Amino acid sequence: MPEADQDNNSHLAMKTFKELVLAIIKAIPRGKVMSYGQIAAYAGSPRAARQVGQILRNTDGDSKLPWWRVINSQGVITIKGNWYSNAELQKKLLEREHIKVSQDFIVPMATFRWTPSSTQLEQIIA
DNA sequence: ACCCTGACTTGGC
DNA sequence: GGCCAAGCCAGGG
């Protein structure tokens with residue numbers, strides 16, 4: 001579709017950034033992880049990694065969302081003393097699906113990073 | 001419309 | 001490897 005695309009396709013029921021982010025996270029397979037920036041990029045905004053974190057914070061409680069499969073680009077589980085952060089739980093959930101997590105909450109990204117195929121991506125974004 | 005806030009990332013020491 | 005400063009941009013007030 002070389003012509004009517006870009007910004008003028010409001011008739012195509014565009015998903016918001018937030019909807020895309022949630023769809024992508026739900027699609028992460030068991031035993032795999034993605035970084036905030038990676039998710040933002042697939043959602044169409046490569047520099048919006050922080051928003052992914054913000055969305056996760058606000059959607060805490062949605063059990064259908066595999067939030068524990070989202071970590072930062074360094075493979076580090078974000079540790080905060082806040083009510084919304086539970087590094088121990090996240091580590092446990094990751095290990096439950098055979099993802100290695102070091103004592104200092106670091107996951108080897110090179111091994112466990114998920115990269116969706118273009119086909120998978122199409123289905124997610126659709 | 002403007003201002004502020006960050007579950008982030010990257011580049012430079 | 002670690003720490004710091006700057007850039008980023010969607011959401012909410």
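Convention: sequence-line order gives letters A, B, ...; per-chain numbering from 1. Every heavy atom of this structure was used, including side-chain atoms; hydrogens, water molecules and symmetry mates were not. Given the structure is predicted, the values throughout are model-derived calculations rather than measurements.
Taking atom CD on A:Q54 and atom P on C:dG13, their separation rounds to 10 Å, with Å as the unit. Regarding A:L20, its CG atom lies at a distance of 13 Å from the C1' atom of C:dA10, rounded to whole Å. Rounded to an integer number of Å, the gap from A:I55 CD1 to C:dG12 P is 9 Å. One can place NZ of A:K91 at 23 Å from P of B:dA7, the figure rounded to the nearest angstrom. Following rounding to the nearest Å, A:N72 (CG) and C:dC8 (P) show an atom-to-atom distance of 20 Å. Rounded to an integer number of Å, the gap from CZ of A:F17 to P of C:dG11 is 7 Å. When rounded to the nearest whole Å, the span between CG of A:N58 and P of C:dA10 equals 16 Å. For the pair A:R57 CZ and B:dC8 C1', the computed distance is 13 Å after rounding to whole Å.
The residue among A:R47 and A:K18 whose nearest nucleotide of DNA chain C is located toward the 5' end is A:R47. The residue among A:Q90 and A:Q74 whose nearest nucleotide of DNA chain B is located toward the 5' end is A:Q90. Heavy-atom distances to DNA chain B give each of A:P46 and A:Q51 a nearest nucleotide, and the one nearer the 5′ end belongs to A:Q51.
Partner of A:E97 under the salt bridge (charged side-chain N to carboxylate O under 4.0 Å, His left out) criterion, chosen from A:K91, A:R69, A:K32: A:R69. Applying side-chain contact (heavy atoms from CB on, under 4.5 Å) to A:Y42 and the options A:L121, A:I125, A:I124 leaves one that passes, A:L121.
The listed nucleotides are B:dC8, B:dA7, B:dT10; the one nearest the side chain of A:L56 is B:dA7. The listed nucleotides are B:dT9, C:dC9, B:dA7; the one nearest the side chain of A:S45 is C:dC9.
Across the strands present, C:dC4 finds its partner in B:dG11; the criterion is a Watson-Crick or G-U wobble pair with both atom distances under 3.5 angstrom.
What you find for A:V76 and A:I71 is that their closest heavy atoms are O-CB, 3.8 Å.
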Report task. For A:S35 and A:R113, run side chain to side chain contact (heavy atoms under 4.5 Å, CB included): C-alpha distance rounded to whole Å, both residues' side-chain angles, the deciding distance at 0.1 Å, then the answer. Result -> CA-CA 8 Å; A:S35 74; A:R113 179 195 300 279; 4.0 Å; yes
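A:S73 has a side-chain polar atom (N or O) that falls below the 4.0 Å cut-off from OP1 or OP2 of B:dT9. In this structure, A:S35 does not reach the B:dC8 phosphate: none of its side-chain N or O atoms is under 4.0 Å from OP1 or OP2. For the pair A:R50 and B:dC8, the criterion of a side-chain N or O lying under 4.0 Å from OP1 or OP2 is not met. Taking only side-chain nitrogens and oxygens, A:T78 comes nearer than 4.0 Å to OP1 or OP2 of B:dC8.
Atoms CD1 and CH2, from A:I28 and A:W114 in turn, are 7.0 Å apart once rounded to the nearest 0.5 Å.
Among the atoms of the strands shown, none is found under 4.0 Å from any heavy atom of A:T16.
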